[in-house]
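All residue numbers in this chain count up from 1 along the given sequence.
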Amino acid sequence: MTLNIRVIAPDRTVWDANAEEVILPSSTGQLGILTGHIPLLTALDIGVMRVRINKEWIPIVLLGGFAEVENNKITILVNGAEELEDIDAEIAQRSLEEASAVFAEATSNKAKIEATQNIRKAKARLQALATVTT
């Protein structure tokens, strides 16, 4: 038995496939879902979703949203998502450095919050890349 996983961003369906397992970056920590999971609605944080298909883990960066689990179907509505082939390691590293510099120089709370979000996005991209290189 498998899980049907759909990841939907505002502009497209990012993912629609069956898998044996998924690990979500929920707002309360990593959340593993297997077949037969009880119904669940959870907020998602910026982070890496990992999907297991045929013993292989596939990372997808999620930029916050919600997930609903019911009857072996997982519907994930996100603010944005990035698949591994769309992530460039050099750009992600540069984004992390730039966001860190902006945070260090930020004087307003708004600027600090925006920089923190950009740092978290860059770190998620680098984490997704690291999962396939290790």
Side-chain angles (χ1 to χ4, degrees):
M1 190 177 250
T2 59
L3 298 165
N4 176 259
I5 303 167
R6 292 188 71 200
V7 178
I8 303 167
D11 59 340
R12 65 188 172 108
T13 297
V14 178
W15 181 271
D16 189 357
N18 291 326
E20 292 87 35
E21 182 178 2
V22 64
I23 299 174
L24 298 170
S26 81
S27 58
T28 57
Q30 297 293 308
L31 177 63
I33 307 290
L34 296 167
T35 57
H37 199 284
I38 62 170
L40 172 74
L41 181 62
T42 186
L44 299 176
D45 211 348
I46 294 170
V48 179
M49 173 180 84
R50 291 182 297 281
V51 180
R52 184 170 58 91
I53 300 175
N54 297 326
K55 299 181 182 178
E56 180 182 340
W57 287 97
I58 300 166
I60 299 173
V61 175
L62 302 182
L63 304 177
F66 294 91
E68 178 185 41
V69 179
E70 189 170 29
N71 297 325
N72 293 322
K73 294 181 182 177
I74 304 174
T75 304
I76 302 167
L77 304 175
V78 293
N79 300 325
E82 298 174 8
E83 295 180 84
L84 198 60
E85 59 266 13
D86 298 329
I87 301 171
D88 181 284
E90 290 180 19
I91 292 172
Q93 183 62 44
R94 191 168 43 245
S95 294
L96 177 59
E97 292 166 3
E98 290 170 2
S100 297
V102 168
F103 180 82
E105 296 176 9
T107 56
S108 71
N109 284 341
K110 181 182 179 193
K112 287 180 182 180
I113 290 169
E114 288 175 5
T116 299
Q117 292 294 88
N118 290 331
I119 288 169
R120 294 175 68 215
K121 289 175 186 177
K123 284 183 176 182
R125 292 177 185 118
L126 293 170
Q127 180 186 0
L129 290 169
T131 61
V132 294
T133 58
T134 56

Pairs flagged by side chain to side chain donor-acceptor pair (under 3.5 Å) wherever [range] is involved - sequence neighbours left out:
range: residues 63-75; result: none
range: residues 18-27; result: Asn4-Asn18, Glu21-Arg52, Ser26-Thr28
range: residues 104-119; result: Gln117-Arg120

Check your understanding: Which residues pass the salt bridge (Lys or Arg N to Asp or Glu O under 4.0 Å) test with Asp11, sequence neighbours left out?
Key ->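 Asp11: no salt bridge (Lys or Arg N to Asp or Glu O under 4.0 Å) contacts found.
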Practice item. Group every Ile, Leu, Val, Met, Phe, Trp and Tyr by side-chain heavy-atom contacts under 4.5 Å, then state whether Phe66 and Ile8 land in the same group. Key: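 No, separate clusters.
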Exercise for review: Give the other cluster members for Ile60, using side-chain heavy-atom distances under 4.5 Å between Ile, Leu, Val, Met, Phe, Trp and Tyr residues; answer none if it is isolated.
Suggested key: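 Its cluster mates, by chain and number, are Leu3, Ile5, Val7, Val14, Trp15, Val22, Leu24, Leu31, Ile33, Leu40, Leu44, Met49, Val51, Ile53, Ile58, Leu62, Val69, Ile74, Ile76, Val78.
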Exercise for review: Indicate the atoms forming the closest heavy-atom contact of Ala106 with Ala111, along with that distance.
Suggested key: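 Taking every non-hydrogen atom into account, CB-CB, 3.8 Å.
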Point to revise | Nearest atoms (heavy-atom pairs only) where Val61 meets Ala124 | key: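 For Val61 and Ala124, the tightest heavy-atom pair comes out as CG2-O, 3.7 Å.
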Only pairs under 3.5 Å count here: list side-chain donor-acceptor contacts from residues 87-104, not counting sequence neighbours, and write none if there are none.
| residue | atom | partner | partner atom | Å |
| --- | --- | --- | --- | --- |
| Asp88 | OD1 | Glu90 | N | 2.9 |
| Asp88 | OD1 | Ile91 | N | 2.9 |
| Gln93 | NE2 | Glu97 | OE2 | 3.3 |
| Ser95 | OG | Ile91 | O | 2.9 |
| Ser100 | OG | Leu96 | O | 2.9 |

**Study point:** Close side-chain approach of Glu82 to Lys121, heavy-atom, < 4.5 Å
**Key:**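 Glu82 vs Lys121: side chains apart.
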